Amino acid sequence: MGYTSKRGRRPNEYASKSGHTHIINDESLQEFLSQCNLPKSADEVTISDCLNFSYEPVVKNPIRNIIAIDGGYSEVSVQTGFPSSTVCFCQIGALIFSIDDLDGLAKQPFIDPDDMAKLKQIQRLKLTLPVRNIQFKNESTLINSVRRTIHNFFCQKVDNEELVATLRWFIFQEYDVTLSTWNLASCPVCESTGIPLNLGEMTKDYTFSCNHCSAEIFLTDIFRLHEAIDEELGAGGILGYLITTLEQIILVHLIRLILKMKPALLKEILFVKDGPLAFFGQTANMHRPMRSLVNFLFEHHNLYLTGLEKSGAFVEHADEISEKLTNGTVLILNNDYIYKYILPGKADPTRPYGSTTYYSNKLIFKTLAGGMYIVSLPTSRNMTNPKEADFQNLGAILTNVEKLKCDMYDNSLIPVALANKLVSLADHPSSRILQKFAKGAIHS
């Protein structure tokens with residue numbers, strides 16, 4: 001990476017153009033690579049190694065409305081002389097439309113722009129986050145600046161309800177038998193471990209006090225993002241984890257609003273999330289309360305929810321074996337299959353794939369029209385060898401996955417593609433526009 005000072009007295013420092021030859025010719029590297037295992041090609045895969053069956057669309061579709069949730073973010077520099085000073089602009093959207101509107105479009109020879117607009121009823125939430133070399137208001141550190149910013153974001157109202165109130169409802173399971181305590185892994189100030197957050201001691205501002213140093217702890221600190229922030233390297237490492245978490249908290253918020261307004265609506269709404277139904281990195285512990293909520297809904301109401309992946313190892317594997325599957329095939333992925341063919345490694349029967357991150361299990365779905373999808377569906381527990389009966393509402397969900405086919409991307413769906421288009425922040429021109437906006441705002 002090159003660098004030139006303002007005075008321009010020193011030339012740029014460039015990497016050597018021949019340095020790679022020393023690596024390529026290194027015998028230890030060649031020996032290492034020869035001992036590595038890679039994902040298997042199609043001719044090495046045996047489909048019978050996991051459960052597969054033929055899909056039949058449901059005769060009467062229970063789904064009347066689709067809600068798709070997606071998010072995007074872009075990191076930009078805010079000061080010309082200090083390019084290391086950056087902020088991140090995040091945008092999360094929830095898009096809703098009815099199945100009737102979609103069916104109406106399918107019957108028309110030409111799509112009217114006004115009709116297409118019916119599929120773009122989206123609510124956007126925006127968050128600006130300090131990432132490197134920036135201090136927010138009177139906060140003393142970057143960690144505290146990030147913590148305060150996330151807390152303030154959650155204190156905003158969405159449809160007249162604060163997101164942070166939904167977070168409390170979610171974490172302390174106020175929808176069922178309320179939990180009295182959540183154990184925080186570490187204090188963001190003194191770094192003491194095992195901090196009890198007692199619901200009865202929470203302030204009206206959704207804060208607690210550390211029982212070691214008496215520092216203020218936000219309810220949003222349960223995401224543990226502060227553990228992955230470095231004062232010098234910045235908060236760039238949390239951005240992917242944060243956006244995935246926000247998407248799913250918005251999902252929880254919508255479920256809470258529906259339960260308050262008209263619980264019966266849950267029986268006719270399909271929630272579609274871009275990406276798998278899981279929490280990653282520092283926020284992985286959120287999969288436990290999410291599974292508790294899913295199980296409560298299955299037992300007392302209903303839930304139609306799916307995660308759909310557009311990229312990654314599972315998508316690449318599905319594309320590799322597509323010719324081995326007949327149209328209308330569902331392949332339920334078990335632990336042995338995943339580690340044998342998709343993720344090189346050794347399956348552990350005591351630790352199913354995703355047991356510390358997922359509240360779902362995965363399957364490969366080849367539609368009657370030949371589209372290939374990686375679908376994750378919520379399950380009552382994470383299993384090494386899931387069966388068809390373990391997936392509630394499987395037929396109805398797959399029926400609507402096929403109905404929502406979109407040609408905008410390879411094997412994408414209309415709501416996911418539209419939500420992505422409406423919330424994503426492309427490198428050009430979005431990041432340049434945001435950069436100019438940030439510079440103007442920070443110096444005004």
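Please read all numbers here as calculations on a predicted model, not as lab measurements.
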S.K.: What pair of heavy atoms forms the shortest contact from Ala318 to Met372, and how long is it?
M.R.: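 That would be O-CE, 3.2 Å.
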S.K.: How many angstroms lie between CZ in Phe223 and CG in Asp221, if you round to the nearest 0.5 Å?
M.R.: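 Reported to 0.5 Å precision, the distance equals 9.5 Å.
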S.K.: Within this structure, what is the CD1-CG distance for the pair Ile171 and Leu179, rounded to the nearest 0.5 Å?
M.R.: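 So the gap between those two atoms works out to 9.5 Å.
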S.K.: Judged by modelled atom types alone, do Thr181 and Asn198 share a side-chain donor-acceptor pair under 3.5 Å?
M.R.: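 Checked: Thr181/Asn198 side chains pair up, N/O donor to acceptor below 3.5 Å.
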S.K.: Going by side-chain hydrogen bond (donor to acceptor under 3.5 Å, both in side chains), Tyr359 matches just one of Gln248, Arg288, Arg291. Which one?
M.R.: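 With Tyr359 as partner, side-chain hydrogen bond (donor to acceptor under 3.5 Å, both in side chains) holds for just one option, Gln248.
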S.K.: Using every non-hydrogen atom in the two residues, find where Gly71 and Glu247 come nearest and quote the distance to one decimal.
M.R.: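 In this case the closest contact between Gly71 and Glu247 is N-OE2, 2.8 Å.
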S.K.: For the aromatic rings, using the six-membered ring if either is Trp, is the centroid distance between Phe154 and Tyr206 under 6.0 Å?
M.R.: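 No; Tyr206 has its ring centre 6.0 Å or more from that of Phe154.
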S.K.: Taking the six-membered ring for Trp, are Tyr337 and His317 closer than 6.0 Å centroid to centroid?
M.R.: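 That pair passes the under 6.0 Å test.
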S.K.: I'd like to know if the side chain of Thr203 pairs up with that of Asp205 as donor and acceptor (distance under 3.5 Å, no hydrogens or angles considered).
M.R.: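 Judged by distance alone, the side chains do not pair up.
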S.K.: With no hydrogens and no angle check, just 3.5 Å: does a side-chain donor-acceptor pair link Ser186 and Glu227?
M.R.: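 Distance-only check passes for Ser186 and Glu227.
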S.K.: Can you confirm whether Ile269 sits close enough to Tyr304 that some side-chain heavy atom of one is under 4.5 Å from a side-chain heavy atom of the other?
M.R.: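 Side-chain contact under 4.5 Å: no.
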S.K.: Do the side chain of Lys126 and the main chain of Gln91 share a donor and acceptor less than 3.5 angstrom apart?
M.R.: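 No, because the side chain of Lys126 does not come within donor-acceptor range (under 3.5 Å) of the backbone of Gln91.
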S.K.: Looking only at the aromatic ring of each residue, does the gap between the centers of Tyr175 and Trp169 stay below 6.0 angstrom?
M.R.: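 Yes.
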S.K.: Above 12 or not: heavy atoms from other molecules or residues under 6.0 Å from OH of Tyr241?
M.R.: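 No.
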S.K.: Taking the side chain as C-beta and beyond, is there a heavy-atom pair between Thr329 and Ile47 under 4.5 Å?
M.R.: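 Thr329 vs Ile47: side chains apart.
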S.K.: Nearest 0.5 Å, please: how far is OG1 in Thr245 from CD1 in Ile150?
M.R.: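 Here the rounded value is 9.0 Å.
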S.K.: Side chains of Ile134 and Val87: closer than 4.5 Å at any heavy-atom pair?
M.R.: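 The answer is yes, as the side chains (C-beta and beyond) meet within the 4.5 Å cut-off.
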S.K.: Evaluate the side-chain proximity of Leu167 to Val252: yes if any heavy-atom separation is below 4.5 Å, no if none is.
M.R.: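 When only atoms from C-beta onward are counted, Leu167 and Val252 do not touch, as no gap falls below 4.5 Å.
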S.K.: Is a donor on one side and an acceptor on the other found under 3.5 Å between the side chain of Arg132 and the backbone of Leu233?
M.R.: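 Yes; judged by distance alone, with no hydrogens or angles, the pair exists.
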S.K.: Is there side-chain contact between Gln173 and Phe296, with heavy atoms separated by less than 4.5 Å?
M.R.: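 Side chain of Gln173 against side chain of Phe296, heavy atoms only: no contact under 4.5 Å found.
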S.K.: Return yes if a side-chain donor-acceptor contact under 3.5 Å exists between Asn361 and Thr379, otherwise no.
M.R.: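 The answer is yes; a qualifying pair exists.
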S.K.: To the nearest 0.5 angstrom, please state how far the NE2 atom of His226 sits from the CG atom of Leu142.
M.R.: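 The distance works out to 13.5 Å.
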S.K.: Verify ring pair (Phe, Tyr, Trp, His ring centres under 6.0 Å) between Tyr55 and Phe365, making sure each step is shown before the conclusion.
M.R.: CA-CA 9 Å; Tyr55 148 77; Phe365 174 40; 4.9 Å; yes
S.K.: When you measure from the side chain of Ser145 to the backbone N and O of Thr141, does any donor-acceptor pair fall under 3.5 Å?
M.R.: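 Yes; judged by distance alone, with no hydrogens or angles, the pair exists.
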S.K.: Counting neighbours of CD on Glu44 that are heavy atoms of other residues, nucleotides or ligands and sit closer than 6.0 Å, is the number greater than 12?
M.R.: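 Correct, the count exceeds 12.
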S.K.: How about NZ on Lys267, more than 12 heavy atoms from neighbouring residues, nucleotides or ligands closer than 6.0 Å, or not?
M.R.: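 Incorrect, the count does not exceed 12.
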S.K.: Is Lys362 positioned over the aromatic face of Phe314, cation under 6.0 angstrom from the ring centre and no more than 45 degrees off axis?
M.R.: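 Yes, Lys362 sits over the ring of Phe314.
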S.K.: What are the two closest heavy atoms between Glu320 and Ala42, and how far apart are they?
M.R.: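 Result for this residue pair: OE2-N, 2.8 Å.
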S.K.: Closest heavy-atom contact between Pro57 and Thr399?
M.R.: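 So the two residues come closest at CA-OG1, 3.3 Å.
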S.K.: So, applying side-chain hydrogen bond (donor to acceptor under 3.5 Å, both in side chains) with Asn400, which one of Asn393, Thr306, Asn61 is it?
M.R.: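 For Asn400, the side-chain hydrogen bond (donor to acceptor under 3.5 Å, both in side chains) check succeeds only for Asn61.
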S.K.: With distance as the sole test, does His300 use its side chain to make a donor-acceptor pair with the main-chain N or O of Leu297 at under 3.5 Å?
M.R.: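 Not a single qualifying donor-acceptor pair exists.
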S.K.: Can Asn385 and Asn335 be counted as having a side-chain donor-acceptor contact under 3.5 angstrom?
M.R.: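 Looking only at side-chain atoms, Asn335 and Asn385 do not form any donor-acceptor pair under 3.5 Å.
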S.K.: Report the C-alpha distance between Arg148 and Glu216 in whole Å, list the side-chain angles of each, state the deciding distance to 0.1 Å, and finish with yes or no for salt bridge (Lys or Arg N to Asp or Glu O under 4.0 Å).
M.R.: CA-CA 11 Å; Arg148 175 71 67 178; Glu216 183 180 50; 3.4 Å; yes
S.K.: Could you tell me whether the side chains of Thr86 and Glu75 share a donor-acceptor contact shorter than 3.5 Å?
M.R.: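 Result is yes, a qualifying pair exists.
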S.K.: Testing the basics here: between Asp274 and Leu308, what is the closest heavy-atom pair and its distance to 0.1 Å?
M.R.: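 In terms of heavy atoms, the two residues are closest at OD1-O, 3.5 Å.
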S.K.: Do any N or O atoms from the side chain of Ser360 and from the backbone of Leu277 form a donor-acceptor pair under 3.5 angstrom?
M.R.: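 Checking the backbone N and O of Leu277 against the side chain of Ser360, a donor-acceptor pair under 3.5 Å is found.
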S.K.: About how many Å separate CZ of Phe53 and CD of Glu56, when rounded to the nearest 0.5 Å?
M.R.: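 That separation rounds to 10.5 Å.
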S.K.: Closer than 3.5 angstrom, by distance alone: can the side chain of Glu316 be matched with the main-chain N or O of Ser311 as a donor-acceptor pair?
M.R.: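 No, because the side chain of Glu316 does not come within donor-acceptor range (under 3.5 Å) of the backbone of Ser311.
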S.K.: Would Tyr339 and Asp348 count as a side chain to side chain donor-acceptor pair (under 3.5 Å) if you check the C-alpha gap in whole Å, the side-chain angles of each, and the deciding distance to 0.1 Å?
M.R.: CA-CA 9 Å; Tyr339 286 107; Asp348 183 350; over 6 Å; no
S.K.: Tell me, with the steps shown, if Glu139 and Arg147 meet salt bridge (Lys or Arg N to Asp or Glu O under 4.0 Å).
M.R.: CA-CA 10 Å; Glu139 299 299 334; Arg147 292 176 56 230; over 6 Å; no
S.K.: Give the minimum heavy-atom separation between Lys340 and Lys40, together with the two atoms involved.
M.R.: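 Heavy-atom minimum between the residues: O-CG, 3.5 Å.
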S.K.: Between Ile195 and Asn183, is any pair of side-chain heavy atoms under 4.5 Å apart?
M.R.: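 Ile195 vs Asn183: side chains apart.
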S.K.: Say whether, by atom type as modelled, one donor and one acceptor occur between the side chain of Thr357 and the main chain of Ala284 under 3.5 angstrom.
M.R.: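 Not at all, since once roles are kept as given, no pair shorter than 3.5 Å links the two residues.
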S.K.: Distance check, rounded to the nearest 0.5 Å: Ile364 atom CD1 versus Glu309 atom CD?
M.R.: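 Reported to 0.5 Å precision, the distance equals 10.0 Å.
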S.K.: Parallel under 30°, tilted from 30 to 60°, perpendicular over 60°: which one fits the rings of Phe280 and Tyr358?
M.R.: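 Perpendicular: the ring planes of Phe280 and Tyr358 meet at over 60°.
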S.K.: Ignoring hydrogens and angles, tell me if any N or O in the side chain of His151 forms a donor-acceptor pair with the backbone of Thr220 under 3.5 Å.
M.R.: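 It does not hold such a pair.
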S.K.: Could you check whether any side-chain heavy atom of Phe170 comes within less than 4.5 Å of a side-chain heavy atom of Met286, counting everything from C-beta outward?
M.R.: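 Contact flag for Phe170/Met286 side chains = yes.
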